[in-house]
Novice: 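Sharing a structure below in structure tokens format, with a few things to ask.
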Amino acid sequence: MSRTIDDVVSPTQTNTIPADISGQMLDLDEDDDFEVFSKDSTLADGSMFNASMQTSPGSMVNQCKFEEDEDGDSKDIFITVDNPESHVTAIETFITYRVLTKTTRSEFDNSEYEVRRRYQDFHWLKGKLEEAHSTLIVHPLPEKFVVKGMVERFNGDFIETRRKALHKFLNRIADHPILSCSEDFKVFLSAQAWELTTYKKQGPGFLSRMGETVRAVANSVRGVKNRPEEFTAIQEYVEDFSNKISSLDKVTQRIVKEQKEYLEELKEYGPTYTLWSGSEEELAEQLKGVAGCIERCCQETEEQVGHLSDTLVPVLHEYVLCAETLKAVLRRRDNIQAEFEAKNEALATKKVDRDAESSDLGFVWGSLLGKNPEEARHQRQERLDGEIEELKVEIDKLEDRVEWANNALKGDWVRWQRSMRGDLKSAFLSTAEKNVDYYEKCLAVWETFLLSQRTEPSEETDRDNTS
């Protein structure tokens, strides 16, 4: 039973992105980007394409609101991700996005920056932030996909969905009081492509990263013996939240799929009545009326399905990914504590070994080895004393690290819950309002048709007399 915690590239040409393609989307974890690696990979005209973001009143730019901005006057950094472009080289095809930044922060040399970044650059930034702040909640990135069997073209809807997710990712970081001050974040926003490439190479080498991975795995296998109760409660909450949000996400996507299929059927339904009216003179008026009602309801249904796809589905799936991020953060916190507990156990063992050296047994073993017993004992005790002091220093550092990790996670947990509840509440209310609007409009369409078909008794009598 779960418990709830309250408040706890070289320049190239560009063309317009082609229409959506048919093809199966596969999750491909090993891909660093939306890429197709083939020496013969080119677009139909041998060039690349450009999809500028819409500028209509209903577009992403005009609708964007910076989440968690409790005081708009205090916001000092604004980021926009737009203008996706395809780049075609001899071995790969990939997408870059324009990242525009406006800021008043003193650590930046300029107030405005414009750079282009590909998906793997965003992935690098996320990794660096998690490496430096292992128990802070870094907003998830969209998954990696590739279009099966389609080498020469990209899915425009997929690219736009990814652009929106990357836009939200950067603005979540910008709104974070700690992550937004990261040097890696600053470099990501301001450095040109070649500068960023150089900066990336300054990180730890492969062997160092491998060592960290091995240590993390060892700590994970060892497990935590005395996890604080509040983090056990958080873990239970996250597991329960993950199950529920995943179920909602799957059902909602299935509903959207079925509604799109219903919409396609509806588009073929109305014209059937129109065709029939041509051969049925006595029913022509009614048949045309029904056809008109279906056509109008079809337009409202298309708008309603679009709203559901753009408003509720992305938010639900975003928090499916957030749940996985939270699980990873909790594992990293446990690994830090597990390492702390392991060092304490090692210290206790060393102290036992040191005490054993003072016993007669240690004296006997020294004599058997032909060494001066007192000198050998003294050397071993000095060695053990040195190892014990080193362990004490490491334990003090790990104790500070555990305390920092716990406090960071507790603070970010409250912040994440507030953001999550606000996002979901907004999405649910918007969906409810749109559903009410949709059904009211469809109801009005059919009521108008019914009223048009009603006749007064006198009119009916006259019609019968005429007959």
Side-chain angles (χ1 to χ4, degrees), residues 16-23 51-63 155-158 160-161 164 248-317 426-467:
T16 304
I17 287 184
D20 195 3
I21 60 174
S22 59
S52 298
M53 186 167 58
Q54 300 175 359
T55 56
S56 64
S59 69
M60 174 70 180
V61 169
N62 292 301
Q63 290 182 349
N155 185 312
D157 289 341
F158 171 76
E160 176 63 9
T161 299
K164 292 179 180 179
L248 280 178
D249 179 53
K250 291 176 182 177
V251 173
T252 304
Q253 292 197 41
R254 187 164 66 245
I255 289 173
V256 170
K257 180 176 180 293
E258 292 173 354
Q259 286 190 339
K260 287 181 177 179
E261 293 173 353
Y262 164 72
L263 179 60
E264 292 305 313
E265 296 289 342
L266 204 60
K267 289 180 179 179
E268 299 178 3
Y269 190 46
T272 303
Y273 283 91
T274 303
L275 290 174
W276 188 11
S277 67
S279 60
E280 196 71 49
E281 184 177 351
E282 292 297 325
L283 289 174
E285 179 185 350
Q286 287 77 17
L287 290 171
K288 290 180 180 179
V290 170
C293 290
I294 293 174
E295 182 180 357
R296 291 177 62 185
C297 288
C298 185
Q299 295 171 356
E300 296 299 332
T301 301
E302 188 168 14
E303 184 178 337
Q304 194 259 358
V305 172
H307 182 274
L308 196 63
S309 300
D310 295 338
T311 303
L312 184 59
V313 171
V315 174
L316 291 177
H317 193 66
S426 176
F428 294 154
L429 291 178
S430 178
T431 301
E433 291 173 354
K434 185 59 184 177
N435 283 339
V436 170
D437 179 67
Y438 166 71
Y439 289 112
E440 284 181 343
K441 287 181 177 178
C442 289
L443 179 62
V445 167
W446 289 108
E447 285 181 338
T448 301
F449 170 71
L450 288 175
L451 288 173
S452 70
Q453 298 304 306
R454 290 178 182 172
T455 58
E456 295 296 331
S458 59
E459 293 179 359
E460 189 70 30
T461 302
D462 293 341
R463 186 178 304 171
D464 292 339
N465 292 335
T466 302
S467 299

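Atom set for the values below is all heavy atoms of this structure, side chains included, hydrogens, waters and symmetry mates excluded. Not measured: the values here are computed from a predicted model.
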Novice: Pairs in or reaching into residues 277-298: which pass ring-ring contact (aromatic ring centres under 6.0 Å, His included), with residues at least two apart or in two chains?
Specialist: none
Novice: Not counting sequence neighbours, list each pair that qualifies as a salt bridge (Lys or Arg N to Asp or Glu O under 4.0 Å) and has a residue in residues 271-280.
Specialist: none
Novice: Could you list the donor-acceptor pairs under 3.5 angstrom formed between side-chain atoms of residues 437-448 and any protein atom two or more places apart in sequence or on another chain?
Specialist:
unit_1, atom_1, unit_2, atom_2, d
Asp437, OD2, Lys441, NZ, 3.4
Tyr438, OH, Thr301, OG1, 2.8
Thr448, OG1, Ala444, O, 2.7

Novice: Tell me whether Phe449 at atom CZ has more than 12 heavy atoms from other residues, nucleotides or ligands lying less than 6.0 Å away.
Specialist: yes
Novice: Testing the basics here: between Ala284 and Ser277, what is the closest heavy-atom pair and its distance to 0.1 Å?
Specialist: CB-O, 3.7 Å
Novice: Can you tell me how far the SG atom of Cys297 sits from the OH atom of Tyr269, to the nearest 0.5 Å?
Specialist: 11.5 Å
Novice: Between side-chain atoms of residues 257-268 and protein atoms elsewhere (two or more places apart, or another chain), which donor-acceptor pairs fall under 3.5 Å?
Specialist:
unit_1, atom_1, unit_2, atom_2, d
Lys257, NZ, Glu261, OE2, 2.8

Novice: Residues in side chain to side chain donor-acceptor pair (under 3.5 Å) with Gln253, at least two apart?
Specialist: Asp249
Novice: Measure the NZ-OG1 distance between Lys250 and Thr252 for me, rounded to the nearest 0.5 Å.
Specialist: 12.0 Å
Novice: Could I get the full list of salt bridge (charged side-chain N to carboxylate O under 4.0 Å, His left out) partners for Glu303, not counting sequence neighbours?
Specialist: Lys434
Novice: Could you give all pairs that pass the salt bridge (Lys or Arg N to Asp or Glu O under 4.0 Å) test and reach residues 282-296, with sequence neighbours left out?
Specialist: none
Novice: Which atom pairs, donor and acceptor, lie under 3.5 Å between side-chain atoms of residues 306-314 and protein residues at least two apart or in another chain?
Specialist:
unit_1, atom_1, unit_2, atom_2, d
His307, NE2, Ser430, OG, 3.1
Ser309, OG, Val305, O, 3.0
Thr311, OG1, His307, O, 3.0

Novice: For the CD atom of Gln304 and the OG1 atom of Thr431, what is their distance to the nearest 0.5 Å?
Specialist: 8.5 Å
Novice: Name all residues meeting the ring-ring contact (aromatic ring centres under 6.0 Å, His included) criterion together with Phe428; count only those two or more places apart in sequence or in a different chain, and write none if there are none.
Specialist: none
